[in-house]
Structures are given as structure tokens and as C-alpha cells.
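Below, chains carry the letters A, B, ... as their sequence lines are ordered, and counting in each starts from 1.
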Amino acid sequence: MMNKIKNNAVYSELGYVYSWLSAGIVVSACLLIIIDIVYLGHCAISLDFLIKEPNASAINTEAGGILTPMIGTIMLTIIGTVVAFPFSLATAIYLCFYSKKGMLTKAVEFAIDVLAGVPTIVVALFALTIFTRPEFSFLSTMVDGVEGSSRAYGKSFLVCGIVMAIMILPFVIKSMQEALKAVPESYIEGSYALGATKWQTIVKIAMRAATDGLATGVILGMGRIIGDTAIVWLTLGGTLRMTGNQPWYEPQNWLSALQNTGSTLTTYIYYTSPAGEGNNYTVAFGASLILILIIILLNAITMGFNFVSKEMGKK
Amino acid sequence: MKTSKKIAALLSAAVLSLGLMSSFAFAASPIRIDIDGKTITSDTAPVVQNGTALVPVKVVSENLGAEVTWNQVKKQVTVQTAGYRVIFTINSNTYTVNGASKTLATPARIINGKTMIPLKAIAESIGAAVDYNSSSNTVTIKYFTGLTGSLKVSGSTTVQPIMQAAADKLIAQNKGLSITVAGGGSGAGIKDTINGANNVGMSSRSLTPDETSKLNPYVVADDGIAIIVNPNNPVKNLTKDQAAKIFLGEIKNWKDVGGNNAPILVQTRETGSGTLTTLEEMLLNKAKVVSTATPYTSSALLKQAVAKNENAIGFDSVGYVDSSVKALTLNGIVCNPQNIKNGAYPMSRQLYVFTKGRPAGISAKLIDYLRATTCQNEIVSKEGYVPFR
Amino acid sequence: MKGIGVLPVPFRMKRYFYMKLKLNDLVPGIIIRVLSFVAVIVMVFMFYFVFYKASPVLVSSGLKIFTQTGFDKQISDAFNAQNGDPAVTFGMLGLIGGTFFSTLIALVIASVLGIGATMAICEFMPAKLSIFVKAIVRLLASIPSVVFGLIGTITVVPFVEKTFVTVDMQIAYLEYFQMTGRNLLSSVIILSFMIVPTIISLSIDAVNSVPASYREVGYAFGMSHFRVIWKIVIPSALSGITAGIILGAGRGIGEAIAVSMVCGGIGYLPDFTKGFVGFLTPILPLSAAIINKSEAMSVPAVESALFTCGAILLVFSAILSVSAKLVEKQIRKVKGHDE
């Protein structure tokens with residue numbers, strides 16, 4: 001009997017050790033990664049780094065800054081979110097309010113779930129072939145002046161932004177759907193009882209109540225866009241600078257900048273890492289640091305939303 | 001004679017001679033030639049005949065990136081740029097541009113043994129903007145400025161640094177121009193050009209007859225393939241035979257070629273690389289590099305791999321060799337510009353750019369720019385390659 | 001209409017039309033339907049398109065895709081093929097093996113770590129510490145894959161090389177492959193830490209939803225805290241944990257960038273009969289293969305081969321998503337029981 005109790009005690013002790021150890025390993029892995037990035041990257045951070053453009057040849061030790069990659073990331077996030085927002089909101093609204101609870105709805109929801117699991121590289125592959133068709137040439141530039149061919153170049157900020165929108169569509173739809181579903185039935189019933197039309201109910205009641213959840217969905221999408229590399233690498237290319245008409249910041253050149261390629265923070269990191277050609281990993285870590293900070297910020301905003309909505313929920 | 005008449009005669013003689021001298025001086029006063037904002041100096045001064053400036057052919061060919069050939073039998077000089085072929089016959093008033101006949105006021109001449117061609121005619125035929133300012137006696141030619149549009153260039157990673165530097169310079173002097181330069185390897189560049197996915201392609205290997213039937217290649221530089229190893233590797237030289245055996249996988253340990261007892265880790269390029277194809281042709285007799293070699297998609301990545309691994313061996317264009325790797329001598333011959341130029345180095349080759357069909361517009365200008373002396377001296381040499389002229 | 005007489009005339013007209021034709025609802029309804037239709041069509045089309053583009057290779061290589069190796073050489077042959085050469089058949093066994101082994105081993109490690117960490121977070125930690133650790137886990141989940149890849153190349157690969165690869169081993173295996181720090185082991189290490197947060201977050205949800213009554217029963221029997229968790233809570237939460245593991249697997253097979261930077265880049269099939277050396281083989285999982293070979297895509301045969309890799313990935317990830325959904329349904333069934 002005593003043996004059995006002793007065994008139990010040892011067994012429990014081992015169990016505690018195993019749990020705490022696992023948690024410790026996971027936490028320390030994350031912290032080590034962050035510390036690594038800070039340690040190896042902080043020397044690259046300076047005001048110049050944030051403001052200057054990358055140097056023509058990143059192979060030099062004078063690698064310049066990350067201005068254009070940051071602008072690229074921001075541009076892509078905006079394009080992707082703006083394109084995805086109406087479609088995902090509409091689909092979420094459709095699934096919650098307009099569709100009958102039948103096979104079609106279940107099929108659509110199933111399709112969305114499956115597509116949420118598709119690897120981003122496959123989405124990128126798909127985009128690469130579709131957007132070189134000449135019908136889409138307004139999104140990127142045509143290869144001018146070549147006899148007998150009409151192929152669009154297929155790589156540009158616009159193309160990449162649209163592909164990002166396609167990639168985040170399933171996630172944002174699911175998020176928004178959850179948010180809209182969480183609006184209490186009583187709100188909606190009450191609104192109809194007061195004589196409001198369906199559309200008025202949706203806009204003024206459901207969407208207002210679900211704002212936090214909808215915003216979280218959008219921010220989740222933005223987070224995914226910021227962190228993705230595979231799609232950017234294949235649809236935006238590995239160039240370090242903006243290839244539209246220079247200088248790119250003048251408004252008359254903006255359309256040209258959008259239709260041409262460039263880089264984002266993620267491809268900049270890939271390019272300057274030892275796997276890319278830059279082989280200058282100090283700036284790669286510097287850019288990683290900036291990227292991580294942006295992501296931490298987004299995470300904090302999301303947590304803030306959750307916190308606020310919990311408080312409101314309590315009321 | 002009366003004194004006054006003597007004085008008058010002397011004076012008029014003086015005036016006449018002054019006038020003559022000044023007219024000689026006027027005739028001999030040099031014409032300045034300004035190409036794209038830079039004043040051109042030439043060892044042979046340009047001449048004015050019948051109000052037309054004649055310049056030595058070299059001025060045009062070197063500064064505008066044209067190729068000049070001389071036909072002794074027909075006494076014809078052919079000036080070939082990427083987009084145009086202009087043929088002048090000495091002392092004839094007609095000339096042809098891409099086969100079409102045109103007339104000249106002043107024909108081409110041979111002066112002091114140098115062939116001189118009418119500047120305005122040649123400049124206009126190849127699409128340059130020519131202007132003559134009589135007060136400052138300057139001919140202004142705009143050839144590589146005022147370009148607008150967008151170009152896509154892709155292909156060999158060996159040629160890429162040259163192309164990128166040239167593109168940067170061109171973009172700097174042409175505000176409405178955008179040039180995208182991508183790598184991908186010679187094979188990808190050739191296929192892209194054939195498929196119309198780029199305007200200009202780059203290749204570090206010569207084109208096959210099948211490819212030449214579809215594309216127009218132009219040489220932009222000479223180059224050599226250097227065998228590179230890690231700087232800490234004690235081996236300094238390999239015979240061609242040893243090098244071949246290493247890349248074929250038959251020699252596997254550094255101690256067999258005079259180094260440490262360590263495995264030879266062969267680094268190579270992915271298929272489609274012109275550098276790889278040329279190495280296989282020149283060193284391995286068209287056999288393939290050993291299949292366990294690690295492939296890389298660009299010259300820069302291969303160089304990095306060798307720089308990081310003490311037992312690695314690889315190959316790269318001489319333009320990529322820097323202090324992070326060590327280039328071996330092959331059969332005792334150093335891989336440097338002289339040995340490449342005179343053919344002493346066994347693995348010398350040329351670098352090409354090409355278009356589908358005849359180049360036109362800004363594609364032609366880009367090719368001319370790459371072949372002009374400014375680019376050759378300032379960019380090609382600086383990047384470590386060998387100018388082809 | 002009642003009450004409408006009070007309004008001025010133009011308003012009355014507008015109101016009349018709106019109420020009669022329910023214009024307020026009609027137009028937005030159409031817009032909503034159109035937008036959602038487009039969204040769903042695009043997503044479905046992608047699925048179809050990938051298979052369409054993959055069909056040439058699927059048809060010509062058939063089952064050999066799953067039985068042959070040598071993908072790298074086949075890509076290079078296809079790229080250099082001239083007109084009139086026979087079509088290259090592609091064997092992706094090496095790639096599939098790479099994906100399979102790397103994801104499976106990473107999954108095992110991540111599950112072990114994940115379940116343990118979940119137990120600690122949910123049960124053994126004080127509330128404040130638990131919130132902090134959950135935030136850390138969420139941070140780990142949102143670190144971009146390229147940063148994982150960067151850390152992998154700079155820290156993990158040299159570590160693996162120094163610790164496990166010796167010069168003698170390199171010489172011995174040189175005829176099979178070059179042994180460096182870029183191999184299966186490094187990929188597994190990186191993948192584990194990328195999968196772990198998925199498993200942890202879903203397991204936390206599952207464990208938290210186990211009713212308190214279950215635990216009470218355990219304590220009533222005199223079981224220690226750990227025993228209660230291990231013997232009662234975890235088995236009840238198993239469906240949620242399994243869903244987490246399946247989703248983690250989905251992330252693992254789809255991970256392209258981070259893995260391509262540490263995997264070795266050549267599609268060897270790891271041979272574990274030679275012992276630990278199997279872990280030191282360079283591999284090339286399917287997603288990394290697409291990234292690495294994407295530059296050869298101008299040749300239709302290569303393009304089709306890469307789409308075939310994509311199609312295989314699509315099928316696997318679809319199966320995993322479906323399984324996760326089925327497991328989730330299980331949870332609902334069980335929960336429904338209690339309520």
C-alpha cells in the first residue's frame with residue numbers, strides 16, 4: 001500500500017516536472033528568439049536605418065536603410081486589407097443573415113474551412129500563373145515592345161495585394177462570422193420587432209455590436225499579411241528597391257510604383273539573410289526587430305480589443 | 001611710290017593677311033562635341049566641310065556603343081548599333097540605313113588616313129537628337145537621355161551586376177525610365193526572352209543555334225570562370241585534369257590534391273545557369289557535375305557557400321571574386337583580365353545580352369549603352385569583369 | 001400610409017417608394033450576394049485551377065509520382081530539354097518523404113511539449129503567470145516564418161553542424177550526400193517551435209472547457225492534482241487537443257520559407273536504417289521545393305510539376321482540415337450531452 005502511494009507521489013512529481021519543463025522550454029524558446037533578434041539586430045537600428053533606402057548592392061557592408069521595404073509592407077497591408085474587407089464582410093453577413101440553414105450554407109462554410117488550411121505557397125503559385133494573363137495587365141506592367149507576345153509581367157504591388165486579400169479571405173470571414181454570431185439574438189429580434197428592415201438591422205445593430213470582433217478579424221488579417229513571405233517572394237520578386245518611375249514618392253509616379261515591383265520587410269529579411277544574396281545578417285536582424293515590434297503592437301491592440309469587449313460584456 | 005600709298009599697301013596687306021590667318025584659324029578652330037552632357041575628346045579633331053561636321057568613326061562607335069567594320073573592296077564603313085545598320089561609302093553622296101537609301105550633302109571621307117563620317121547624318125540615323133550651336137561651335141548629341149518607358153531584364157546572375165549598375169546610371173539621367181533587373185540564371189533569361197516575358201535577356205553562355213535563330217545576341221563583356229575555394233584552404237593551384245576530376249566526383253578528398261585530410265564539398269549552380277553550362281563544356285567535356293553537389297540559384301549564393309565552408313569548392317565569374325574567397329590558378333595561370341583577354345586562361349568566355357528579333361526603342365538604347373566606352377570603362381572594369389573592346 | 005401625411009411632399013414620395021419596393025433591403029441584399037458569390041467563387045476556382053495546371057504531369061507521370069525519387073535531376077532535365085526530347089516523368093517520393101518525416105517528427109515533439117505546457121498553463125500556474133505565458137505563446141505564434149528561418153540559419157544550423165556532424169562522417173557519406181548543418185534535424189527543430197503554439201492554444205481551450213464536476217470527482221477519490229489532470233481532464237479534452245494537433249500538422253506541411261532556409265535543398269529520402277545519420281540527411285519538403293524551383297517555371301513541364309506539388313499539398317491540407325472539423329463536431333456532440 002505504501003509502495004503504491006509512494007509510486008503515485010513519484011509519478012505525480014515527474015508529471016509536475018514534465019509540465020513545468022515543457023512550459024519552460026516553450027517560453028524560453030520564444031524569449032531566446034526575441035533576445036537573439038534584439039542582440040544581433042540592435043546595432044543596425046538607427047534613425048538612418050529607418051529613413052534611408054536600401055543600397056543598390058546589398059552585398060556591400062554599406063547596406064543603407066529599410067525605408068522602401070517598410071513602405072512596401074505598409075502598402076501591401078493596406079491594399080490587401082482594403083480589397084479583402086468588403087468581400088469578407090459581405091460573405092460573413094450573407095452566411096449569418098441571408099442564407100438558409102441548408103446544404104448550400106454548409107458547403108460554403110466547409111469550403112471556407114478547407115481554404116483556411118491551404119498553404120500560402122500554393123496561393124502564390126496560383127497567382128503567379130493567373131496574373132500573367134494579358135487581361136490582368138493593368139495590374140502590372142506589360143512587357144512592351146516585344147513582337148508577337150502579350151504577356152503581363154505578373155509581378156507588382158497590386159498583384160501581390162490582391163493575392164494577399166485572397167489568402168486572408170477565409171480567416172477574416174471566419175472571424176467576422178464568429179463576431180456576428182456572437183451578437184445576442186435578443187438584439188436582432190428586438191430590432192425587427194421595432195420595424196427595422198433587414199439591412200438597417202444588420203448595419204445599425206449587428207455590426208455596431210460586433211465592432212470589436214470585426215476589428216479583431218481585420219487586424220488578424222493584417223497580421224498575416226505583414227508576416228507572409230512566400231506570396232511576396234513569388235509575386236513581388238526579390239528586388240530591393242521600387243522599380244517604378246523614380247522618385248517613387250512623387251504623386252505622379254504613384255501609379256507606376258504600384259504597378260511595378262519592390263520589396264517588403266519580409267523579403268528584405270529573406271534577401272539579406274544568408275539564404276538570400278545579401279549575406280548581411282545584421283541588417284536582416286535589424287529589420288526582423290522592427291517587424292517583431294510591429295507584430296507585438298498589433299497583438300497588443302487585439303488583446304486590448306478583447307479586454308474592452310469583455311468589460312462591455314460584463315456590463 | 002608715295003609714302004601714303006606704301007602705308008596703304010602695307011595696311012591692306014596686313015589686313016588681308018590677318019583676314020587670311022583668321023579665316024585659317026576659323027577653319028581650324030575645334031568643334032566641340034557634347035554627348036549626353038559630356039565633352040568628348042578625340043585624338044583626331046573633327047573637321048567642318050561645307051558646313052557639315054565630319055568626325056572620326058571611333059568617336060561614334062566608342063561613345064554610342066556601335067560596332068564599326070570596314071570593307072576595303074567597296075570602301076564602305078558600316079556602323080552597327082543595336083537597332084540600326086548604317087553604311088557609308090567613301091566619297092559617295094548616298095548612304096543606307098537598315099537598307100533604306102538616303103542622300104548626303106557631304107560624303108564620308110578619309111582624312112589623314114582616318115575615316116571621317118558626317119556626324120549629323122549618323123546621329124540622326126541611329127535615333128539621336130542632334131543640335132548645333134554655332135556661337136559656341138558645339139554639336140550637342142542626346143542619345144542616352146530623354147528616354148521614357150519601362151524595361152524588364154532578366155537572366156544570368158553573372159551579368160546582373162553590370163546590368164544593374166548600367167540601369168542605375170540610365171535611370172539617374174532619365175526621369176521617366178524604369179528598368180527592372182532580375183536574376184534567375186541564363187537559361188531562365190533565354191526562355192523568358194523567347195516567351196516575351198522580358199525585353200532584354202542576359203546570358204553568360206553562348207546561345208545554341210536553335211536559340212540564335214530566335215534571338216539577337218550582343219557581347220557586353222569578356223569574363224573568366226574562376227575556381228574558388230575558402231581562403232583558409234592551403235591548396236593554391238589545380239591542374240585542369242584535377243579540377244575536372246573534383247567536379248566529376250572522382251577526387252573526393254583534399255589530401256589527394258595537396259590539401260588537408262578533409263572531404264571536398266562541391267558547390268554548384270542550379271540548372272539553367274550559364275556559368276554551369278560553360279564550366280561543363282570547357283572543363284568537363286560536357287559531362288555533368290557530380291550529383292551530390294549542392295546547387296545554388298545564383299552566383300552570389302555560391303560564393304557565400306564557399307566563403308563559409310572551409311572544405312568547399314565552387315566556380316564563379318571573375319567579377320564575383322572578392323576577399324571572401326580565394327581564386328585558384330588553373331594549370332598555373334592566374335585568372336585576371338590580361339590572361340582572359342589574351343586567351344591564356346583556359347576558361348574564358350563572353351557575356352551576352354539579347355532581344356527577341358531586332359532591338360528597338362529603349363531596348364536598343366540599353367544595349368548600346370552597355371557597349372559604349374563609358375559603361376565599359378566605368379562599370380565593367382569596376383565590377384571586376386573585362387571590357388570586350 | 002399612416003403617419004406619412006405629416007411629412008412634406010418630396011419625403012412622402014421617397015418614403016412611399018422605399019416602403020413599397022423595400023428598396024432599402026433590395027439593393028444591399030444584391031450587393032451582399034454578389035460580393036459573397038465572388039469571394040466563394042475565387043476560392044473554389046483556386047482549387048480547381050491548381051489541379052488543372054497540375055494535370056499534364058499528373059497524367060504523364062501517374063503513380064510514379066509516389067514511387068520514384070530524383071526530383072532535382074528531373075527538374076533540371078525538364079528545364080534543359082529541347083523540342084522532341086521525351087517528356088520527363090517526375091518522381092516526388094523524396095519530396096513527399098521529406099514533408100512526411102519532418103512534419104511527423106516535429107508533430108511528435110510539439111505535441112509532447114504542447115500538452116505539458118498546456119497542463120502547466122491551465123492548472124499549475126498562478127493566474128497572473130498564466131496570462132503572461134499565454135501572451136508569450138501568442139507572440140510565438142505570430143512570429144513570421146522568415147524570422148524563424150533567419151534564426152534557423154544563424155543559430156540552429158551551425159549548432160547542429162558543430163554538435164552532430166563530424167569530418168569523418170562527412171567523408172564517409174560523401175558519395176550519398178553532402179552532410180552539413182542543413183538537414184532533417186534542423187528542419188524538425190524549427191518546425192516544432194512553429195507548430196507548438198497552435199497545439200497549445202487549442203488545447204488550452206479544450207482543457208478549460210472540461211466541466212469542473214469532472215475534476216471534483218477526481219479529487220473526491222483522493223487523487224493528486226496531477227493525477228486528476230492526467231487521468232481525467234486530458235482524456236476528456238482529447239478531441240480538442242487532437243484538433244490542435246491536426247491543425248498544427250496542417251501548418252507544418254504548408255511551411256515553406258522557414259523550412260527552405262534550413263532543409264538542405266535536395267530531395268533525399270532519409271534512411272533511418274543507418275541510424276542517427278538518417279536525421280542528418282538533407283531533405284526537400286514539398287513546399288520548400290516550390291520555392292526553390294520557382295525560377296525554372298518558365299518551362300511548362302516544370303510549371304506543371306510544381307503545380308503537382310501544390311496539388312499534393314492541397315489534398316493533404318484539405319484532408320487535415322476536414323479531419324479537424326470532424327473532431328470539432330465530436331466536441332460539440334460531447335458538450336451537447338452535458339447540457
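In this structure, the portion of A:I295 lying under 4.5 Å from any heavy atom of chain C is its side chain and not its backbone. Interface residue C:V50: only side-chain heavy atoms are found under 4.5 Å from chain A. Proximity to chain A (any heavy atom under 4.5 Å) is shown, for C:S192, by neither the backbone nor the side chain. Neither the backbone nor the side chain of C:M223 comes within contact range of chain A, judged by heavy atoms closer than 4.5 Å. In this structure, chain C has a heavy atom under 4.5 Å from the side chain of A:L128, while its backbone stays farther away. Proximity to chain A (any heavy atom under 4.5 Å) is restricted, for C:L129, to the side chain, taken from C-beta onward. Contact of A:I166 with chain C is made through the side chain alone, with heavy-atom distances under 4.5 Å. If you measure heavy-atom distances from A:L40 to chain C, the contacts under 4.5 Å come from the side chain alone. For C:K134, no part lies under 4.5 angstrom from a heavy atom of chain A. The part of A:L234 that comes within reach of chain C is its side chain, from C-beta onward, which places non-hydrogen atoms under 4.5 angstrom from that chain. Residue A:L89: no heavy atom, backbone or side chain, is found under 4.5 Å from chain C. Interface residue A:L31: only side-chain heavy atoms are found under 4.5 Å from chain C. With a 4.5 Å cut-off on non-hydrogen atoms, C:F49 touches chain A through its side chain but not through its backbone. Contacts between C:I154 and chain A at a heavy-atom distance below 4.5 Å involve the side chain alone, from C-beta outward. With a 4.5 Å cut-off on non-hydrogen atoms, C:T118 does not touch chain A at all. For A:L298, no part lies under 4.5 angstrom from a heavy atom of chain C.
Between chain A and the options C:W230, C:F47, C:F307, C:F132, heavy-atom pairs under 4.5 Å are most frequent for C:F307. By number of non-hydrogen pairs under 4.5 angstrom with chain C, the leading residue of A:F126, A:W20, A:F87, A:W233 is A:F126. When each of A:L125, A:V122, A:I112, A:V114 is scored by its heavy-atom pairs under 4.5 Å with chain C, the top score falls to A:L125. Note: C:V112 leads C:V262, C:V112, C:I31, C:L314 in heavy-atom pairs under 4.5 Å with chain A. Comparing A:I292, A:N299, A:I296 by heavy-atom pairs within less than 4.5 Å of chain C, the highest count is held by A:N299. Of the residues considered (C:S142, C:C309, C:A318), C:S142 shows the highest number of contacts with chain A, using heavy-atom pairs under 4.5 Å. The choice from A:T266, A:T120, A:I34 that makes the most heavy-atom pairs within less than 4.5 Å of chain C is A:T266. Counting heavy-atom pairs closer than 4.5 Å to chain A, the top residue among C:I319, C:I291, C:T153 is C:I291. Considering only heavy-atom pairs separated by less than 4.5 Å from chain C, the leading option among A:I25, A:I173, A:I121, A:L32 is A:I121. Interface summary for chain C: among A:A23, A:S88, A:A90, A:P119, the most heavy-atom pairs under 4.5 angstrom belong to A:A90.
Atom OG1 of A:T302 and atom CZ of C:R138 lie 7.5 Å apart (nearest 0.5 Å). Between atom OG of residue A:S19 and atom CE of residue C:M125 there is a gap of 9.5 Å, rounded to the nearest 0.5 Å. Distance SG/A:C30 to CG/C:L139: 4.5 Å, rounded to 0.5 Å. Separation of atoms NE2 (C:H225) and OG (A:S12) is listed at 10.5 Å; rounding is to 0.5 Å. Note: C:F45 CZ to A:I130 CD1 = 4.0 Å, rounded to the nearest 0.5 Å.
Summarising the local packing, CZ of C:F51 is surrounded by more than 12 heavy atoms from other residues, nucleotides or ligands at distances under 6.0 Å. For OH of C:Y219, the number of neighbouring non-hydrogen atoms (other residues, nucleotides, ligands) closer than 6.0 Å is greater than 12. For CZ of C:F124, the number of neighbouring non-hydrogen atoms (other residues, nucleotides, ligands) closer than 6.0 Å is greater than 12. Within 6.0 Å of atom OH in C:Y52, 12 or fewer heavy atoms from other residues, nucleotides or ligands are found, so the atom counts as exposed in its surroundings. Atom CZ of C:F221 sits in a sparse spot, with 12 or fewer heavy atoms from other residues, nucleotides or ligands closer than 6.0 Å.
At least one side-chain heavy atom of C:I151 sits less than 4.5 Å from a side-chain heavy atom of A:F285.
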>> Show, in sequence, the C-alpha distance, side-chain angles and deciding distance for C:F148 and A:I33, and conclude whether the side chain to side chain contact (heavy atoms under 4.5 Å, CB included) test is met.
In response: CA-CA 8 Å; C:F148 268 109; A:I33 293 178; 3.6 Å; yes

> Going through the distances and angles, do C:M119 and A:Y16 end up as a side chain to side chain contact (heavy atoms under 4.5 Å, CB included)?
Replying inline: CA-CA 9 Å; C:M119 289 195 287; A:Y16 284 125; over 6 Å; no

> Which is it for C:V146 and A:Y268 under the side chain to side chain contact (heavy atoms under 4.5 Å, CB included) test, yes or no, and what are the steps along the way?
Replying inline: CA-CA 10 Å; C:V146 71; A:Y268 180 81; over 6 Å; no

>> For C:M46 and A:L115: C-alpha separation, side-chain torsions, deciding distance, then whether side chain to side chain contact (heavy atoms under 4.5 Å, CB included) applies.
In response: CA-CA 9 Å; C:M46 182 165 68; A:L115 282 143; 3.6 Å; yes

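Taking every heavy atom of both residues into account, C:S321 and A:D113 meet most closely at OG-O, 3.9 Å. The two residues A:S22 and C:A117 have their closest heavy-atom pair at CB-N, 3.5 Å. Residues A:Y18 and C:G116 share a closest heavy-atom pair of OH-N, 3.4 Å.
Residues from residues 248-259 of chain C that place a non-hydrogen atom less than 4.5 Å from a non-hydrogen atom of chain A comprise C:G254, C:A256, C:I257, given in numerical order.
For C:S55, the side-chain contact (heavy atoms from CB on, under 4.5 Å) criterion is met by no residue, not counting sequence neighbours.
With respect to C:L150, the side chain to side chain contact (heavy atoms under 4.5 Å, CB included) criterion is satisfied by exactly one of A:T272, A:D36, A:I37, A:I269: A:I269.
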